[in-house]
Each structure stands twice: as structure tokens, then as C-alpha cells.
Trainee: 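Got a structure here, written out as C-alpha cells. Questions coming.
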Amino acid sequence: MTLLAETTEPCFAHDAFVYDDDGDYVATLAPLLTDALAAGDHVVAVVPADRAALLRPAVGPRADEATWVDAAEWYRHPARTIAAYEATLRQVTPGRAAFVVGEVAFGTTESDRLAWTAYE
């Protein structure tokens with residue numbers, strides 16, 4: 001087991017992007033997912049079902065190698081989501097990188113927005 005402090009390799013990056021429309025969404029994410037799959041990364045895409053329907057064809061034949069999760073099911077409660085990510089990422093083969101796309105819905109109430117902002 002390698003602790004984060006024991007490695008000089010980058011071990012975590014967290015990026016975000018804002019998109020204007022479906023075309024922008026696909027144009028941004030499909031190449032990233034395709035490259036991650038080509039690199040042999042463990043790919044997890046937690047996106048709304050309608051977004052997955054747009055992304056999968058754009059990723060191409062390797063799309064089935066990724067784990068696709070409906071964001072509506074995944075992002076119900078921050079603590080459960082963190083636990084689900086931990087369980088999912090524990091399945092990654094040691095030494096193999098993970099590439100995760102997660103589209104958080106920040107809720108409709110102030111309480112929801114605060115909870116999901118803290119999670120993020």
C-alpha cells in the first residue's frame with residue numbers, strides 16, 4: 001500500500017467545467033473518456049441517463065468498458081455518495097488510474113445546495 005505522502009506522482013486532480021449545450025458537453029467529455037479508456041484507466045461516468053445516452057455513442061465501441069451510473073440514483077445524499085465512490089474506487093486494481101466524471105445536481109432547496117456544495 002502506498003500512502004499519498006509517499007509518492008511524488010500526481011494522485012488526484014479535480015476539475016470542473018460549465019457547458020452551454022449538449023454539443024459542448026459531448027465535445028468536452030467524450031475525448032476525455034476516450035483517452036482515459038485508451039490509457040487503461042478505470043473509468044466511471046456518473047451522469048444523468050440522458051447525458052449518458054449522448055456520451056456513449058461519442059465514446060464509441062469502448063464505452064462498454066466504462067462503468068456508467070445514473071446520477072439521479074447516485075447523488076441522493078452526500079454521505080451515501082461518498083461511501084459509494086469509496087466502494088467503487090476500492091475495486092480499482094492497484095497501480096491503475098481511475099478517471100471519474102460526476103455530474104452533481106445541487107438540489108432545489110438552500111439546504112440541498114449547501115450540502116452538495118460542501119460535498120463538492
Side-chain angles (χ1 to χ4, degrees):
M1 175 177 191
T2 302
L3 298 176
L4 297 180
E6 295 174 352
T7 181
T8 58
E9 300 274 330
C11 56
F12 181 78
H14 183 220
D15 298 313
F17 77 99
V18 177
Y19 55 94
D20 292 321
D21 55 35
D22 291 347
D24 191 26
Y25 184 85
V26 172
T28 300
L29 288 181
L32 296 173
L33 293 167
T34 301
D35 289 350
L37 288 165
D41 295 350
H42 182 95
V43 174
V44 180
V46 184
V47 298
D50 61 328
R51 300 273 180 230
L54 296 171
L55 281 172
R56 289 176 73 102
V59 171
R62 297 194 74 178
D64 288 340
E65 295 174 30
T67 300
W68 297 86
V69 181
D70 185 353
E73 298 299 320
W74 191 264
Y75 291 112
R76 291 183 179 240
H77 186 274
R80 285 188 219 129
T81 299
I82 291 168
Y85 269 125
E86 181 181 6
T88 298
L89 294 175
R90 284 192 180 277
Q91 297 174 18
V92 176
T93 303
R96 185 176 178 198
F99 184 85
V100 179
V101 172
E103 187 170 347
V104 179
F106 285 89
T108 57
T109 67
E110 184 66 18
S111 176
D112 285 347
R113 285 188 287 279
L114 289 172
W116 285 111
T117 300
Y119 156 88
E120 191 62 22

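Everything quoted here is computed from the prediction, not taken from an experiment. Worth knowing before you read on, the calculation uses all heavy atoms, side chains too, and leaves out hydrogens, waters and symmetry mates.
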Trainee: Does Tyr19 share a hydrophobic cluster with Val101, counting links as ILVMFWY side-chain heavy atoms below 4.5 Å and allowing steps through other members?
Mentor: yes

Trainee: Report yes if some heavy atom in the side chain of Thr67 is under 4.5 Å from a heavy atom in the side chain of Thr88; otherwise report no.
Mentor: no

Trainee: So which atom in Val92 and which in Ala97 form the shortest heavy-atom distance, rounded to 0.1 Å?
Mentor: CG1-O, 4.4 Å

Trainee: Can you find a heavy atom in the side chain of Val26 that is under 4.5 Å from one in the side chain of Arg51?
Mentor: no

Trainee: So which heavy atom on Ala30 is nearest to which on Ala58, and how close?
Mentor: CB-CB, 3.7 Å

Trainee: Are any of the side-chain heavy atoms of Leu37 and Phe99 separated by less than 4.5 Å?
Mentor: no

Trainee: Are Val47 and Tyr25 side-chain neighbours, meaning at least one heavy-atom pair lies under 4.5 Å?
Mentor: yes

Trainee: Val100 versus His42: any side-chain heavy-atom pair under 4.5 Å?
Mentor: no

Trainee: Report yes if the side chains of Leu55 and Trp68 come closer than 4.5 Å at any heavy-atom pair, otherwise no.
Mentor: yes

Trainee: If every non-hydrogen atom of Arg56 is compared with every non-hydrogen atom of Ala63, which pair is closest and at what distance?
Mentor: O-CB, 3.6 Å

Trainee: Would you give the length of the straight line joining atom NE2 of His77 to atom CH2 of Trp116, rounded to the nearest 0.5 angstrom?
Mentor: 8.0 Å

Trainee: With a cut-off of 6.0 Å (strictly less than), are more than 12 heavy atoms of other residues, nucleotides or ligands near CZ of Arg90?
Mentor: no

Trainee: Check the hydrophobic clustering (I, L, V, M, F, W, Y; side-chain heavy atoms under 4.5 Å; chains of links allowed) and say if Val44 and Tyr75 are grouped together.
Mentor: yes

Trainee: Of the non-hydrogen atoms in Arg62 and Ala38, which two are nearest, and what is the gap between them?
Mentor: NH1-CA, 3.3 Å

Trainee: What closest approach, in Å, do Thr81 and Tyr119 show between heavy atoms, and which atom pair accounts for it?
Mentor: CG2-OH, 3.5 Å

Trainee: Can you give me the closest heavy-atom contact between Pro57 and Ala52, atom names plus distance?
Mentor: CD-O, 4.3 Å

Trainee: Looking at Arg96 and Gly40, would you say the former's side chain and the latter's main chain have a donor-acceptor pair under 3.5 Å?
Mentor: yes

Trainee: Quick one: are Glu86 and Ile82 in side-chain contact, heavy atoms under 4.5 Å?
Mentor: no

Trainee: Applying the 4.5 Å side-chain criterion to the ILVMFWY set and letting contacts propagate, would Val46 and Leu29 be lumped into a single cluster?
Mentor: no

Trainee: Find out whether Leu32 and Phe17 are in side-chain contact, i.e. whether some heavy atom of one side chain is under 4.5 Å from a heavy atom of the other.
Mentor: no

